[in-house]
Amino acid sequence: MRKYYGILLLALGILSSCEKVSKLSDDARIASFTIIDQTEGVILDKEGITINNNVVTIPLDYGRKLFPLTIKANMKFSSTTDDVISVDETPLNLKEITFNDVYTPQTFYLISESGVPHLGQIILKDKNNADITNFHITNYTEEEVGVTIHDNNIRINFKVDFDWPVTIEAEITRNGKVKIGSAESPFIFSGPNDKKQITLIAEDNQDERVWNIQVVPTIENSNFESWINVGTSKINIDPTPGIGLGWATANNSFVQGTTPVPYQNGYAAQLQTGIQNLSGLGIGELITAGTIFTGYFKMNISALSNPPLMTYFGIPFIMRPKSISIDAKYEAGVKFQQSEKVGQNSYKIKDLAGTDQGRIWVELLRWEGNGNLEYHGDPVEGLKVLGKGEMIFDGANTALRNWNNHTIPIIYDNKYKDLEPTHISIVMTSSRQGDLFIGAKGSTLTVDNVVVNF
C-alpha cells in the first residue's frame with residue numbers, strides 16, 4: 001500500500017528548508033522561561049515549570065475560576081532562532097501573556113536561521129481537583145453508546161441510530177462536590193448543539209471546575225465545519241476535540257492544499273494537488289497532493305530526512321463499524337505528470353500517459369504496545385490492523401465530478417474477529433500516487449459529512 005508522507009511534508013515547505021545553505025541551522029528552541037509577575041489570585045508552581053520539545057508547562061495549583069490570568073515572562077531562545085511568529089494574524093507578545101482559561105494553550109512558531117518552522121506552546125497543567133473520573137451511562141449499553149473524557153469535556157457517541165431529543169442517565173464518579181443549581185442526571189439533549197454543564201467544587205472549597213456534556217458525532221468535526229483562521233493566508237482544519245483526537249492535515253499554514261469551500265450552508269474540505277516551485281533552490285518543481293486524515297502532524301527536526309516520522313495516523317476509537325459513508329466529488333487535473341529525480345537533489349517534471357486518481361482509505365487498529373500509539377503507516381510491533389477499506393476515484397470517470405454519497409465497506413481480518421479496535425485511521429488524498437510525486441495540478445477531491453456506520 002503506497003503512502004503519501006513525502007507529499008504531506010512538502011506541502012509545508014519543509015523540504016526546501018533541508019536544502020538551504022549548510023551554514024544556516026535548522027534548529028530553533030526555547031532555552032528558558034521565567035515568570036516575573038502575574039495577576040493576583042491564581043497560584044502557579046513557578047519552580048515546577050518544565051520545557052520539553054518547545055512546550056513550556058506551567059503547573060496550576062489554585063484559582064481556576066479566577067481567570068483570565070496574565071503573566072509577565074522572561075523567555076529566551078536559542079541563538080539559532082531567527083524569529084518567533086503567531087500561528088494566526090493576531091499580534092504576538094510573549095513578554096506579557098494572557099490565558100482566558102486553563103485549557104487553551106498559547107501557540108506560536110519558532111523560525112530557525114534556515115527558515116524551518118517549529119511549533120511552540122505555553123500550557124497550564126491543572127492539578128487533579130474537582131474532576132469527573134468516570135461517566136457511566138445507565139440507560140444505554142456499551143454496545144449502544146460510548147463516552148470520552150477530555151480536558152473539561154464529556155462527549156457521548158452513539159454507535160446506533162437514535163432520534164432527538166435523547167435522554168442520558170448516568171452514574172458520575174467525581175472528585176469534588178456538585179455546586180447547587182448545577183445540572184445533574186438525567187440530561188435531556190434537544191440536538192447536537194445542546195450542551196449541559198456540571199460545576200464541581202473542590203473538596204477544600206477553594207476551587208471549582210465546569211464540565212461540559214454533549215452528544216457528538218462518532219468522530220468530531222466530520223462535517224468539516226470547524227477551521228482555524230478562515231479568511232487569512234494560514235487556514236487549517238481545527239483538530240477538535242484536540243490534537244491527536246480529530247482531523248488533521250500537513251498541507252496548511254505555509255502552502256494551502258486543504259481548504260474549506262461552501263457546501264450545504266456550511267463548509268466542505270477541498271483537497272487539491274499543486275506544484276511547489278523550488279527552482280530557486282536548485283530543486284525544481286514538485287507535485288504536492290492535498291490531504292486530510294485522522295491523527296496529527298508533528299514537526300521534528302531530526303526526522304527531516306525521514307518525513308513519515310512526522311505524520312501520526314490514528315485517533316482513539318473502540319468500535320467495529322461496518323463501513324464509512326462520505327459525501328464526495330472528484331475531478332482530475334488536465335495534465336498527468338511526475339516530478340522525476342534528475343540529480344542528487346534536483347527534480348524535473350515530465351508528462352505521463354493516463355489520468356490522476358484520488359483515494360480514501362480507512363483502517364481499524366488495535367494497539368497492544370507500551371505508551372501512546374505511534375503509527376506512521378508502516379508495520380509497528382504491538383499494532384494489529386483489524387480491518388480496512390478503500391475507494392479509488394478514477395479521474396477518467398466524469399460522473400465523479402458531481403456530489404454523491406459513497407459508502408466504503410470495511411473488511412475485517414478473520415484471525416482478529418474477537419479483538420476490539422483502539423484506534424481508527426481515515427486518510428484522503430487528491431492524488432493517489434502522491435508518494436511518487438505523481439499527480440495532476442488542479443486534481444481536486446472535495447469531501448464532507450463523514451459518517452461511521454455500525
Side-chain angles (χ1 to χ4, degrees), residues 131-175 178 182-200 209-226 238-242 244-247 294-295 314-326 362-367 373 386-387 389 405 407-410 412 416-426 449-454:
D131 283 336
I132 290 178
T133 56
N134 189 34
F135 190 92
H136 175 61
I137 296 176
T138 57
N139 61 328
Y140 290 96
T141 66
E142 291 184 0
E143 287 72 30
E144 295 173 311
V145 71
V147 176
T148 58
I149 300 177
H150 178 67
D151 287 340
N152 64 326
N153 298 302
I154 296 171
R155 289 171 163 86
I156 301 166
N157 313 105
F158 272 86
K159 309 174 187 179
V160 295
D161 292 334
F162 70 97
D163 296 318
W164 302 102
V166 62
T167 299
I168 298 294
E169 299 174 4
E171 294 177 351
I172 304 172
T173 305
R174 56 184 181 259
N175 173 16
V178 177
S182 178
E184 294 189 73
S185 176
F187 308 97
I188 301 176
F189 297 91
S190 60
N193 295 322
D194 191 5
K195 184 184 297 182
K196 309 302 179 184
Q197 292 186 325
I198 294 179
T199 301
L200 291 185
R209 186 175 186 181
V210 177
W211 289 81
N212 303 305
I213 307 170
Q214 201 168 2
V215 176
V216 298
T218 308
I219 301 176
E220 289 190 70
N221 200 22
S222 288
N223 57 359
F224 304 126
E225 294 301 304
S226 296
D238 190 335
T240 306
L245 301 173
W247 295 96
T294 54
I315 60 174
F317 193 89
I318 57 174
M319 298 163 273
R320 290 176 70 102
K322 295 180 179 179
S323 62
I324 64 169
S325 298
I326 185 169
V362 56
E363 292 181 332
L364 273 300
L365 310 170
R366 180 177 177 85
W367 173 236
L373 170 65
L386 306 187
N405 184 261
T407 297
I408 303 174
I410 299 171
Y412 287 91
Y416 298 137
K417 63 181 180 179
D418 296 324
L419 298 180
E420 294 298 321
T422 60
H423 295 77
I424 188 171
S425 172
I426 303 174
N449 301 324
V450 178
V451 176
V452 181
N453 305 306
F454 297 92

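The chain is numbered in sequence order, starting from 1.
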Quick one: does [X]'s side chain have a donor or acceptor within less than 3.5 Å of a partner on [Y]'s backbone?
X	Y	value
Arg155	Gln214	no
Asn221	Ser226	yes
Asn152	Val210	yes
Lys196	Phe189	no

Which value, rounded to the nearest 0.5 Å, describes the distance between [X] atom [atom1] and [Y] atom [atom2]?
X	Y	atom1	atom2	value
Ile426	Ile315	CD1	CD1	7.0 Å
His136	Ile172	NE2	CD1	11.5 Å
Leu365	Phe317	CG	CZ	11.0 Å

Under 3.5 Å, which donor-acceptor pairs do the side chains of residues 163-170 form with other protein atoms, sequence neighbours left out?
none

**Report entry** Ring-face cation of Arg320 near Tyr412 (centre distance under 6.0 Å, axis angle within 45°)
**Finding:**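 Judged by the rule (NZ or CZ under 6.0 Å from the ring centre, within 45° of its axis), Arg320 counts as positioned above Tyr412.
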Heavy-atom pair with the smallest gap, counting every atom of [X] and [Y]:
X	Y	answer
Thr294	Ser425	OG1-CA, 3.3 Å
Arg174	Thr133	N-OG1, 4.3 Å
Leu364	Pro321	CD1-CD, 4.0 Å
Ile324	Asn453	C-ND2, 3.7 Å
Ser182	Ile198	OG-CA, 3.1 Å
Trp247	Glu220	CD1-O, 3.3 Å

Query - side-chain contact (heavy atoms from CB on, under 4.5 Å) between Val178 and Leu200, worked out - result: CA-CA 5 Å; Val178 177; Leu200 291 185; 3.8 Å; yes
Query raised in the report: Residues in side chain to side chain donor-acceptor pair (under 3.5 Å) with Asn153, at least two apart?
Result: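 So Asn153 forms a side chain to side chain donor-acceptor pair (under 3.5 Å) with Asn212.
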Requested in this report: Please step through side-chain contact (heavy atoms from CB on, under 4.5 Å) for the pair Ile408 and Ile410, ending with a clear verdict.
Outcome: CA-CA 7 Å; Ile408 303 174; Ile410 299 171; 5.8 Å; no
